[in-house]
Each structure stands twice: as C-alpha cells, then as structure tokens.
Amino acid sequence: MKTALCILLLLLSASLAHSKPNKAAPKLDLTTFTSEQLKACLDGSDVCGTHDIYAITAELVSRLPQMKTEQLVSCFANWRICGTGEDQASGWPISDEIARRGNPHALLVRYWSEPNRGNTRRHRSDVAYHFKSHEVVDFMREVLAEGKDEEARASTGRPITWPSSAIRQD
C-alpha cells in the first residue's frame, strides 16, 4: 500500500511539473534603447526585439519632456524627429507636451510668420486649444477671419472645427 501511494504521488507530481505553463518571455525594457534605436525599430529593425509599434511609440512619447520646444515644433513638420506624430491614433502628444510647458504666446505669434510646412500651423493651433484665455480666443477669431482653417482643411481633407469650438467655449 505504501509503495502504491508513493508511486501515485510520484506520478501526480510529475504530471503537475509537466502541466505548468512555460514562463512568459521577459518583458523587454525599451527604456534601455536610444531614441534613434527606437525610431529604427519603427522602420522594422530588429534591434529592439519587438515590433510592437504601440509600445515603441509609447516609450518615445514618454521622452518628449526631455526635448526642447523647438525640436517639438519641428516634429509637426516631420514626425520622425520625435518618433510620433499628431493624429487620431496617437492623439496630440506633441501639442500636449508643448502646452504643458505653459504660455503659448510665442507660438501664436509665429503662426502668422512661418510657412505651413507639414501642417505646422494647425498643430500650433492644437497647442493653443489647450488654453482658455482672451489671447487664444482672439487668435482663433483671426484664424477664422483669415481663412487659415480652410488651408488646414485642404491639407488634411477633413473639416477643421477647432477655431470655432475654442470661440464657443469662451
């Protein structure tokens, strides 16, 4: 009887050992990679060990606070500088970061004097949209009056509603 019990316990423990699920692969620590390496991974490089564009982009977005404002503004024209852009899938991570830094006055002034490379005017307005001030409402009124919203509509193919929305919120 003792022998049968020992054999039964041995069989049970052996089957339990084999039925345990394999440990999941360790989660990759994307913080150890440079921004350039992460951007290369977005282009298909295997250096990161993953092709999860959402995880890679999230890591790049987490690095936006270390970038200078001028670099962030450049990302509006070329998303590869930051490794992320402003769109429906990603939201407004660049505009959000610039707005987090405070007063949009300098961007509002530059809106009128710089070319609209890569839809930069629209994205600068996205930054302004974060603020509820008389200066921003006046700016949005000027955008509507100058027809700059039509310029943005032409480049995106979608109606642009942010200037009038900002004015209605005032």
Side-chain angles (χ1 to χ4, degrees), residues 28-45 48 50-170:
L28 217 56
D29 183 9
L30 295 175
T31 62
T32 62
F33 296 98
T34 67
S35 294
E36 293 309 312
Q37 289 172 318
L38 291 170
K39 290 180 225 174
C41 292
L42 289 174
D43 290 331
S45 171
C48 297
T50 183
H51 293 287
D52 182 349
I53 61 169
Y54 298 106
I56 296 167
T57 301
E59 176 57 32
L60 287 164
V61 166
S62 76
R63 297 174 183 200
L64 294 178
Q66 284 82 46
M67 296 179 80
K68 294 181 177 172
T69 301
E70 282 305 311
Q71 288 175 294
L72 293 171
V73 170
S74 296
C75 296
F76 292 147
N78 181 359
W79 70 271
R80 291 189 176 278
I81 295 168
C82 291
T84 187
E86 307 260 291
D87 59 34
Q88 290 179 340
S90 67
W92 292 357
I94 301 163
S95 296
D96 291 344
E97 175 54 31
I98 294 171
R100 185 192 65 76
R101 296 174 183 200
N103 189 346
H105 176 76
L107 282 177
L108 301 182
V109 169
R110 288 174 55 186
Y111 179 94
W112 303 107
S113 62
E114 293 183 5
N116 192 26
R117 288 186 314 269
N119 218 8
T120 54
R121 281 195 181 117
R122 173 159 183 254
H123 294 307
R124 287 182 184 148
S125 301
D126 293 344
V127 174
Y129 193 81
H130 287 76
F131 296 90
K132 308 299 178 231
S133 71
H134 293 296
E135 180 184 25
V136 168
V137 171
D138 290 344
F139 167 76
M140 295 298 187
R141 283 190 178 113
E142 286 183 61
V143 168
L144 285 171
E146 294 288 330
K148 297 296 183 185
D149 58 325
E150 292 303 319
E151 182 180 318
R153 177 194 307 241
S155 66
T156 63
R158 296 185 314 266
I160 307 301
T161 60
W162 44 263
S164 55
S165 293
I167 292 168
R168 277 196 306 270
Q169 290 177 11
D170 181 39

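Computation of the quantities below employed the complete heavy-atom set of this structure, encompassing side-chain atoms and omitting hydrogens, waters and symmetry-equivalent molecules. A quick note: this is a predicted structure, and the numbers were derived from the prediction, not measured.
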Could you grab the distance from atom [atom1] of [X] to atom [atom2] of [Y], nearest 0.5 Å is fine?
X: Glu36; Y: Ser45; atom1: CD; atom2: OG; value: 12.0 Å
X: Thr57; Y: Trp79; atom1: OG1; atom2: CH2; value: 7.5 Å
X: Cys75; Y: Leu60; atom1: SG; atom2: CG; value: 10.0 Å
X: Leu64; Y: Ile94; atom1: CG; atom2: CD1; value: 6.5 Å
X: Thr69; Y: Arg101; atom1: OG1; atom2: CZ; value: 4.0 Å
X: His51; Y: Leu42; atom1: NE2; atom2: CG; value: 11.0 Å

Set of residues satisfying side-chain contact (heavy atoms from CB on, under 4.5 Å) with respect to [X], sequence neighbours excluded:
X: Gln37; result: Phe33, Thr34, Val47
X: Asp52; result: Thr50, Tyr54, Ala55
X: Ala99; result: Val127, His130, Phe131
X: Ser62; result: Glu59

Under the side-chain hydrogen bond (donor to acceptor under 3.5 Å, both in side chains) test, residues paired with Ser113 that sit two or more places apart: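 Per chain and number, Ser113 pairs via side-chain hydrogen bond (donor to acceptor under 3.5 Å, both in side chains) with no residue.
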Contacts of Ser35 that satisfy side-chain hydrogen bond (donor to acceptor under 3.5 Å, both in side chains) - sequence neighbours left out: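 Partners of Ser35 under the side-chain hydrogen bond (donor to acceptor under 3.5 Å, both in side chains) test: Arg63.
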Stepwise side chain to side chain contact (heavy atoms under 4.5 Å, CB included) test for Asp43 and Arg80: CA-CA 10 Å; Asp43 290 331; Arg80 291 189 176 278; 2.9 Å; yes
Non-neighbouring partners of His105 that pass ring-ring contact (aromatic ring centres under 6.0 Å, His included), sequence neighbours left out: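 Partners of His105 by the ring-ring contact (aromatic ring centres under 6.0 Å, His included) criterion come out as none, since no residue qualifies.
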Residue list, salt bridge (charged side-chain N to carboxylate O under 4.0 Å, His left out) with Arg110, at least two apart or on another chain: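 With sequence neighbours excluded, Arg110 shows a salt bridge (charged side-chain N to carboxylate O under 4.0 Å, His left out) to Glu70, Glu114, given in chain and number order.
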Results of salt bridge (charged side-chain N to carboxylate O under 4.0 Å, His left out) for Asp138 - residues two or more places apart only: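 Partners of Asp138 by the salt bridge (charged side-chain N to carboxylate O under 4.0 Å, His left out) criterion, ordered by chain and then number, come out as Arg141.
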Backbone N/O of Trp92 and side chain of Ser95: donor-acceptor pair under 3.5 Å: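 It does not hold such a pair.
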Flag side-chain contact, heavy atom, 4.5 Å: Glu86 against Pro93: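 Side chain of Glu86 against side chain of Pro93, heavy atoms only: contact under 4.5 Å found.
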